[in-house]
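Since the structure comes first, as structure tokens, the remarks are kept for the end.
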Amino acid sequence: MKSISLDSNTLSEEEIADRLQYDTKKRPKPNELRIITQLLTEIKSVHEDDIHELNYQTIQTVFQITRFLERELQFGSKRAKIQALKLIQSINGYASEAVLVRFLYHREIELRNSARYTYMWLSQGDPFRFFDEDIGMKLRQWDMMELHAILEHRKKVGYNTPSFIKWVNTSAEENVKIFFINEIRLYNEIDSAPILAKQINARSTEIRGEAIRTLGKLKYKEIEPKLIEMYHVQPEEVKRQIISAVADLKTDKALGFLYNAYDEADNWGTKRIILKALYEYSAMGRKTFDQLERKADSHTAILFAHTKHPLINQLI
């Protein structure tokens, strides 16, 4: 199976069945199919970048894996159902929406969530509708990792993925908002920046900080005056995000702000971020950095040394 999956030539069902010495007229037992799906999972996990996807899918056709998975979903135990749902993602398998839909609102939360993630993996209709229907839908850390993998898969295979900004605005859950803000940054959703800018006034300092960080990465220069205006009344962690965002924006209009922010800062972590921003900002930023270094006392000189030579971090 591994040899077929890695073969650069596209093989027919008959060729694959012959190489596997498999009689397609016989029907394998469920336990045999469970072993086969585990082997397919291992092949995908170890050799994902080298797999010939058509051959890999044809192996599944030869063994009627879709039929097996759908029967597990219809007649298996709760554990077997959840395992089948996870297998669909791990082997890039398939189950019809008609089979999945009965579990999307199941009372058992683990089964419901597994079905929803598989639906998001497969559906080309409205795969993320659950975030619209349930604004209180929660995401654990593991859920975020799984959802990000789903988004990566959809991008890779060319499936539609909606803009994330609407769920930043509509979700009632802070960690869901933060997750989608991070995805906006990762996927460089520049068009979302004007709407995301409203989140810099969020009550949550974490949402505020992540929104500011993302606006910087998106190069949304229109936000810089507001960031500078609000800087002095922010907690330290938000101040640092503002400094980093201003450094990312590189408008060449914030040199005075960075100079004054360093002069007024009494937190070493914040001072280090400001110096890094100045050092990388522009030629004038580098000159300002040098000017501040000449004025530095022995107590703060290490900050400048660290900025120029990050490997001495352990000395701080």
State plainly whether one hydrophobic cluster holds both Met284 and Val246, where clusters connect Ile, Leu, Val, Met, Phe, Trp and Tyr through side-chain heavy atoms under 4.5 angstrom apart. yes

d(Phe289 CZ, Leu275 CG) to nearest 0.5 Å is 5.5 Å

Shortest non-hydrogen pair, Phe68 vs Pro30, comes out as CE1-O, 3.9 Å

Have Arg116 and Asn113 got a donor and an acceptor in their side chains that come within less than 3.5 Å? no

Between the side chains of Thr10 and His52, is a donor N or O closer than 3.5 angstrom to an acceptor N or O? yes

Side chains of Arg240 and Asn267: is there a donor and an acceptor less than 3.5 Å apart? yes

So does Arg213 pair up with Glu210, basic N to acidic O under 4.0 Å? yes

Can a side-chain donor-acceptor contact be found between Arg154 and Asn160 if the only test is distance below 3.5 angstrom? yes

Salt bridge flag under 4.0 Å for residues Lys271 and Asp266: no

Is the positively charged end of Arg112 above the ring of Phe103, judged by distance under 6.0 angstrom from the centroid and angle within 45° of the axis? no

Spatial distance of atom CZ (Phe63) from atom CG (Leu40) [nearest 0.5 Å]: 8.0 Å

Check whether more than 12 heavy atoms from other residues, nucleotides or ligands sit under 6.0 Å from atom NZ of Lys253, and answer yes or no. no

Hey, does the side chain of Ser244 reach the backbone of Gln241 with a donor-acceptor pair shorter than 3.5 angstrom? no

Take atom NZ in Lys81; do more than 12 heavy atoms of anything else shown fall under 6.0 Å from it? yes

Just checking, any donor-acceptor pair under 3.5 angstrom between side chains of Tyr56 and Glu48? no

Hey, quick one: are Val101 and Leu69 part of the same hydrophobic cluster, counting side-chain heavy atoms closer than 4.5 Å, chains of contacts allowed? yes

For Ile200 and Met230, work out which heavy atoms get closest and say how close. O-CE, 3.4 Å

Are Tyr159 and Pro127 packed together at the side-chain level, in the sense that at least one heavy-atom pair is separated by less than 4.5 angstrom? no

Does any part of the side chain of His148, heavy atoms only, come nearer than 4.5 Å to the side chain of Leu186, both counted from C-beta? yes

What verdict does the side chain to side chain contact (heavy atoms under 4.5 Å, CB included) test give for Tyr94 and Ser96, after you've listed the backbone C-alpha separation in whole Å, the side-chain angles of each residue and the deciding distance to 0.1 Å? CA-CA 7 Å; Tyr94 180 78; Ser96 71; 4.1 Å; yes

Going by atom types alone, do Asp143 and Tyr117 pair a side-chain donor with an acceptor below 3.5 Å? yes

same_hphob_cluster(Met145, Ile82) at 4.5 Å side-chain heavy-atom cutoff: no

Test item: side-chain donor near acceptor, Thr58 and Glu13, under 3.5 Å: no

Distance in Å, Lys2 NZ paired with Ile51 CD1, rounded so as to fall on 0.5 Å steps: 11.0 Å

Side chains of Thr270 and Glu236: any donor to acceptor distance under 3.5 Å? yes

Check step by step if side chain to side chain contact (heavy atoms under 4.5 Å, CB included) holds for Leu218 and Arg185. CA-CA 7 Å; Leu218 296 179; Arg185 180 171 66 250; 5.6 Å; no

What is the distance from atom OG1 of Thr118 to atom CG of Leu73, rounded to the nearest 0.5 Å? 8.0 Å

If we ignore hydrogens and angles and just use 3.5 Å, is the side chain of Ser45 paired with the main-chain N or O of Thr41 as donor and acceptor? no

Crowding at CZ, Arg71 (>12 non-hydrogen neighbours, <6.0 Å): no

What I'd like to find out is whether the side chain of Lys250 reaches to under 4.5 Å of the side chain of Ser282, using heavy atoms alone. no

Separation of Leu215 CG from Leu227 CG (nearest 0.5 Å): 7.0 Å

Is any side-chain heavy atom of Lys217 less than 4.5 Å from a side-chain heavy atom of Asn188? no

Residues, nucleotides or ligands: over 12 heavy atoms within 6.0 Å of Glu110 CD: no

Please determine whether side chain to side chain contact (heavy atoms under 4.5 Å, CB included) holds for the pair Leu33 and Ile65, giving the CA-CA distance in whole Å, both sets of side-chain angles, and the decisive distance to 0.1 Å. CA-CA 7 Å; Leu33 286 169; Ile65 297 298; 3.9 Å; yes

In terms of the angle between their ring planes, are Phe131 and Phe180 parallel, tilted or perpendicular, with boundaries placed at 30° and 60°? perpendicular

Candidate pair Tyr231 and Phe257, rule ring pair (Phe, Tyr, Trp, His ring centres under 6.0 Å), full reasoning: CA-CA 10 Å; Tyr231 177 82; Phe257 161 70; 5.1 Å; yes

Quick check: does any side chain N or O of Asn175 sit under 3.5 Å from a backbone N or O of Leu139, one acting as donor and the other as acceptor? yes

Same cluster or not: are Ile35 and Ile4 linked, directly or through other Ile, Leu, Val, Met, Phe, Trp or Tyr residues, by side-chain heavy atoms under 4.5 angstrom apart? yes

Under 6.0 Å between ring centres: does that hold for Trp268 and His299? yes

Flag side-chain contact, heavy atom, 4.5 Å: Phe179 against Phe164: no

Any donor-acceptor pair under 3.5 Å from Asn55 side chain to Asp7 backbone: yes

Can you confirm whether Leu292 sits close enough to Tyr259 that some side-chain heavy atom of one is under 4.5 Å from a side-chain heavy atom of the other? yes

Verify the neighbour count for atom NZ of Lys44: are there more than 12 heavy atoms of other residues, nucleotides or ligands below 6.0 Å? yes

Thr37 and Ile91: which non-hydrogen atoms are nearest, and at how many Å? O-CG2, 3.9 Å

Using every non-hydrogen atom in the two residues, find where Ala277 and Ile243 come nearest and quote the distance to one decimal. CB-CG2, 3.9 Å

Donor-acceptor contact below 3.5 Å, side chain Gln89 vs main chain Ala149: no

Scanning both residues in full, the closest heavy-atom pair of Ala197 with Ile223 reads CB-CD1, 3.8 Å

The salt bridge (charged side-chain N to carboxylate O under 4.0 Å, His left out) partner of Glu72 among Arg34, Arg67, Arg79 is Arg34

Contact between Val62 and Tyr22 at the side-chain level, heavy atoms closer than 4.5 Å - yes or no? yes

Can you list the steps and then say if Leu111 with Leu85 is a side chain to side chain contact (heavy atoms under 4.5 Å, CB included)? CA-CA 9 Å; Leu111 183 54; Leu85 290 165; 3.8 Å; yes

Could you check whether Arg19 and Ser3, counting side-chain N and O atoms only, form a donor-acceptor pair closer than 3.5 Å? yes

Is the Phe130 to Tyr119 ring centre distance short of 6.0 Å? yes

Check: Asn260 and Tyr262 side chains under 4.5 Å, non-hydrogen atoms: no

Would you say the side-chain atoms of Glu42 and Gln38 include a donor-acceptor pair closer than 3.5 Å? no

Consider only side-chain heavy atoms of I, L, V, M, F, W and Y, link residues closer than 4.5 Å, and tell whether Ile16 and Leu6 are in one cluster. yes

Side chains of Glu152 and Tyr187: do they bring a donor and an acceptor to under 3.5 Å? yes

Out of the candidates Gln199, Glu237, Gln234, only one should pair with Arg208 under the side chain to side chain donor-acceptor pair (under 3.5 Å) rule; please name it. Gln234

Identify the two heavy atoms, one from Thr307 and one from Arg272, that lie closest to each other, and give their separation to 0.1 Å. OG1-O, 4.4 Å

